[in-house]
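Notes follow the structure.
Quick note: residue numbers are just sequence positions, from 1. All heavy atoms count here, side chains included; hydrogens, waters and symmetry mates do not. Just follow the structure's listing: the first ligand is 1, and inside any ligand the first atom is 1.
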Amino acid sequence: MEDIIVPSAAHLPLSLDSLEGIDRILEKLSPSSAAPLPVSNPTVPIWSAAPDSNPLAREGSEGDFTTDADVCIIGSGISGISAAYHLSNLARQEKTSLKVVVLEGRDFCSGATGRNGGHLTPSLFNSFGHYVQMHGVNGARRTVELENQTVKDIIDLVDEGGWASDIELVEGGHTKLLFTKNELGCMRSDWKAAEAAGIDLSATQWLTNKEMDAKYGTPFPGIHMPGYNLWPLKLVTKLYQHAGRASTPSRFLPAFFTRPGPFSLTLHTHTPVTSVTAIPDAPEGRRWRLSTPRGDITTSYVLHATNAYASHLLPQMIGKIMPTRGQVIATRSSVPISDFKLTSSAWWANEGFEYFFPKLTKSADEHPLVVIGGGRESAAPGFEFNVADDSTVNDKVGHTLRSFLPCVFPGQFETGQEPELEWTGIMGFTKSMDPFVGPVPPVGDEKYAGAYICAGFSGHGMTRAFKCAQAVAEMIVADMRGEKWETPSWMPEWYLTTPSAS
Ligand SMILES: Cc1cc2nc3c(=O)[nH]c(=O)nc-3n(C[C@H](O)[C@H](O)[C@H](O)COP(=O)(O)OP(=O)(O)OC[C@H]3O[C@@H](n4cnc5c(N)ncnc54)[C@H](O)[C@@H]3O)c2cc1C
């Protein structure tokens, strides 16, 4: 690690060392108005452009509308559908009846999850020093534990279900490129802090610029670590289908949850929730009324898995979760797979602003298609914070994305080549970059009993949302049984919206 030299990156078409600037802006940002609903005409991401890639796109958007449920989940991204998946498992374990309804404003999984960069790489040491400072060594360890557990659980599930080829899962590791001495210094100190805390870093490998040049055809040094990429929409589709599989009759839960009948899961897409209101003295525990253009639905529990849009329905989240636009292009290499050098399955660069990976190729003469996102640093000073419209793109960001690969991997991409596809998606950023998980925080006397939130993954949700959603599903079931939920050892306690039971 000590031999690593960073060559000048001044020629790159990038703003370097922008992270500090972005952190300061994030700290100051406090939008005073609620997020809008997702726009109805979003750009088309590569994940849903392919025919038949979203079989659930319009599921339940027409015909009968469900008017009553035990649990309503708002949002069909990885958070909402993971929660449905965990609720289905819990209901089956308890052999209880549970009626779960998912309400989605647009196509199935058309939010950040359906438009993201496709990376599933746990953070083993990134920002570790910051977490130690904020939450102590044990807290910092929990952040790694959560991400490792999330990835392990997802991969186990994919293996059990035999889904790997359907969701194009690739385990090829993840390489982080280092462009400045400052970046190298931060990575070194985070890596050392994680090593000192006992994090297993044996699978990480520091690569000098000579090694990187020989292996990948780029003059910059890097760090290689374990990681995957996949087709996020297809993973979430599998999760939904798995959750909805055959079910069992009721037994253990209190009377109003144990009407006879199996676990059921219903999806209504193109059904935006426009308000959630408390029902005073609710019959049968139906505490919430969710209004939609198709009618109302009453429910005992409501989970806000609405990510960037959370404050549209929850005023207390205004300024807590900020819509932030990310942009991605899919661009083809100028060389066929036989001469292609980006053989690490996934990449990060420039303090994480840029992230990219080559999609799987089908034949030896195919020129690989690379999915690359980022470029927000070129949108300073706003960095695309408070932008909730994914129907348009930012030209400055697009320019950075188009210029990046030809400069960083000379000879592998043609300068000035137009991408095959360009799209945007809306992330939900929080000031701490960590999500809100648990009961919806009360406002004054309003207690929000039975309302939960799992949102605000700040551009890094694939390795956190599945387990955070598990925590919320367990909280809901514990509440149904009148039990206290115990914080698992993998959960960073500060993600929780209320102090935990343990
Ligand atoms: C461009 C981009 C690239 C990214 N790349 C990566 C990456 O490579 N790796 C990674 O780990 N993370 C990445 N992320 C972040 C990751 O995608 C998110 O953290 C994660 O998908 C969040 O999942 P979610 O289910 O919480 O939110 P979403 O997927 O946004 O789901 C929320 C859903 O709620 C729906 N909704 C909102 N309000 C309402 C309402 N009132 N009524 C009904 N429905 C509503 C939305 O339409 C949406 O479908 C990226 C994000 C973006 C935008």
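Residue Val273 places at least one N or O, backbone or side chain, under 3.5 Å from an N or O of ligand 1. On a distance-only criterion, His119 and ligand 1 share at least one N/O pair closer than 3.5 Å. Considering backbone and side-chain N/O of Thr113, one or more are found under 3.5 Å from N/O of ligand 1. The shortest N or O to N or O distance between Glu104 and ligand 1 is under 3.5 Å. Note: no N/O pair closer than 3.5 Å links Pro38 and ligand 1 by distance alone. Taking distance alone, with nitrogen or oxygen atoms compared against 3.5 Å, Asn307 approaches ligand 1 more closely than that limit. Residue Ser458 places no N or O, backbone or side chain, under 3.5 Å from any N or O of ligand 1. Residue contacts with ligand 1: Met462 is placed with a nitrogen or oxygen under 3.5 Å of a nitrogen or oxygen of the ligand (distance criterion only). For Gly326, no nitrogen or oxygen atom sits less than 3.5 Å from a nitrogen or oxygen atom of ligand 1, counting backbone and side chain alike. Looking at ligand 1, you'll find an N or O of Gly117 within less than 3.5 Å of one of its N or O atoms.
Residue-level proximity to ligand 1 for Leu37 is carried by the side chain, the only part with a heavy atom below 4.0 angstrom. The side chain of Leu313, and not its backbone, has at least one atom closer than 4.0 Å to an atom of ligand 1 (non-hydrogen atoms only; side chain from C-beta on). At a heavy-atom cutoff of 4.0 Å, ligand 1 is contacted by no atom of Ala308, backbone or side chain. Here Arg115 has backbone heavy atoms under 4.0 Å from ligand 1, and that is the only part of it that gets that close.
Side-chain atoms of Thr299 and Arg289 include no donor-acceptor pair closer than 3.5 Å. When only modelled atom types and interatomic distance are considered, Ser300 and Arg286 share a side-chain donor-acceptor pair under 3.5 Å. Arg464 and Tyr495 are linked by a side-chain donor-acceptor pair at a separation below 3.5 angstrom, with hydrogens and angles left out of the test. Between the side chains of His268 and Glu59, no donor-acceptor pair is found at a separation under 3.5 Å. A donor and an acceptor atom, one from each side chain of Trp423 and Asp390, are nowhere located under 3.5 Å apart. A donor-acceptor contact closer than 3.5 angstrom links the side chains of Thr392 and Arg325. A donor-acceptor pair shorter than 3.5 Å cannot be found between the side chains of Ser61 and His270. A donor atom on one side chain and an acceptor atom on the other are found under 3.5 Å apart for Glu384 and Asn394. Asp434 and Tyr131 share a side-chain donor-acceptor pair at under 3.5 Å.
Of all protein heavy atoms, the one closest to atom 50 (C) of ligand 1 is Asn116 CB, 3.3 Å. Regarding atom 3 (C) of ligand 1, its nearest protein heavy-atom neighbour is Tyr355 OH, 3.2 Å. Closest protein heavy atom to atom 39 (C) of ligand 1: Thr306 CG2, 3.7 Å. The protein atom (non-hydrogen) at minimum distance from atom 43 (C) of ligand 1 is Gly105 N, 3.2 Å.
Near Gly425, meaning under 4.0 Å from one of its heavy atoms, ligand 1 places the atoms 53 (C). Near Leu103, with a cut-off below 4.0 Å to any heavy atom, the atoms of ligand 1 are 43 (C), 44 (N). Near Tyr309, with a cut-off below 4.0 Å to any heavy atom, the atoms of ligand 1 are 37 (C), 38 (N). Near Val328, meaning under 4.0 Å from one of its heavy atoms, ligand 1 places the atoms 1 (C). Atoms of ligand 1 found under 4.0 Å from any heavy atom of Phe457 (numbered from 1 in listed order, with element): 19 (O), 26 (O). For ligand 1, the atoms closer than 4.0 angstrom to any heavy atom of Pro272 are 42 (N), 43 (C). Those atoms of ligand 1 with a heavy atom of Gly75 less than 4.0 angstrom away are 33 (C), 34 (O), 35 (C). Near Ala305, meaning under 4.0 Å from any of its heavy atoms, are these atoms of ligand 1: 32 (C), 33 (C), 34 (O).
Here atom 24 (P) of ligand 1 lies nearest to Ser79 when heavy atoms of Ser79, Gly111, Gly374 are compared. Of the candidates Ala469, Cys454, Ala310, Ala112, it is Ala112 that places a heavy atom closest to atom 18 (C) of ligand 1.
The residues Asp159 and Lys152 are annotated as not salt-bridged, no charged nitrogen and carboxylate oxygen being separated by less than 4.0 angstrom. Ion pair Lys238/Asp166 flagged as a salt bridge, since at least one NZ, NE, NH1 or NH2 atom sits closer than 4.0 Å to an Asp/Glu carboxylate oxygen. Between Glu422 and Arg402, at least one side-chain N (NZ, or NE/NH1/NH2) sits under 4.0 Å from a carboxylate O, which counts as a salt bridge. With respect to Glu168 and Lys359, a salt bridge is recorded, a charged nitrogen being found less than 4.0 Å from a carboxylate O.
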> So His242 and Trp163, ring-ring contact (aromatic ring centres under 6.0 Å, His included) or not? Walk me through it.
Replying inline: CA-CA 11 Å; His242 194 67; Trp163 305 342; 5.7 Å; yes
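Distances shorter than 4.0 angstrom occur between a heavy atom of Gly118 and an atom of ligand 1. Under a 4.0 angstrom heavy-atom cut-off, Gly459 registers as being in contact with ligand 1. The shell of residues lying under 4.0 angstrom from ligand 1, judged by heavy atoms, includes Met427.
Applying the salt bridge (Lys or Arg N to Asp or Glu O under 4.0 Å) rule to Arg58 yields no partners; only residues at least two apart in sequence or on another chain are considered.
The aromatic ring centres of Trp347 and Tyr216 sit less than 6.0 Å apart.
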Would you tabulate the side-chain donor-acceptor contacts of residues 44-55 under 3.5 Å, counting partners in other chains and residues two or more places apart, or write 'none'?
{"residue": "Trp47", "atom": "NE1", "partner": "Asn116", "partner atom": "O", "Å": "2.8"}
{"residue": "Ser53", "atom": "OG", "partner": "Trp47", "partner atom": "O", "Å": "3.1"}
{"residue": "Ser53", "atom": "OG", "partner": "Ser48", "partner atom": "O", "Å": "3.4"}
{"residue": "Ser53", "atom": "OG", "partner": "Ala50", "partner atom": "O", "Å": "2.7"}
{"residue": "Asn54", "atom": "OD1", "partner": "Ala57", "partner atom": "N", "Å": "3.3"}
{"residue": "Asn54", "atom": "ND2", "partner": "Phe108", "partner atom": "O", "Å": "3.0"}

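Considering Tyr448, Tyr301, Tyr452 in turn, Tyr448 is the only one that fulfils the ring pair (Phe, Tyr, Trp, His ring centres under 6.0 Å) rule with Trp288.
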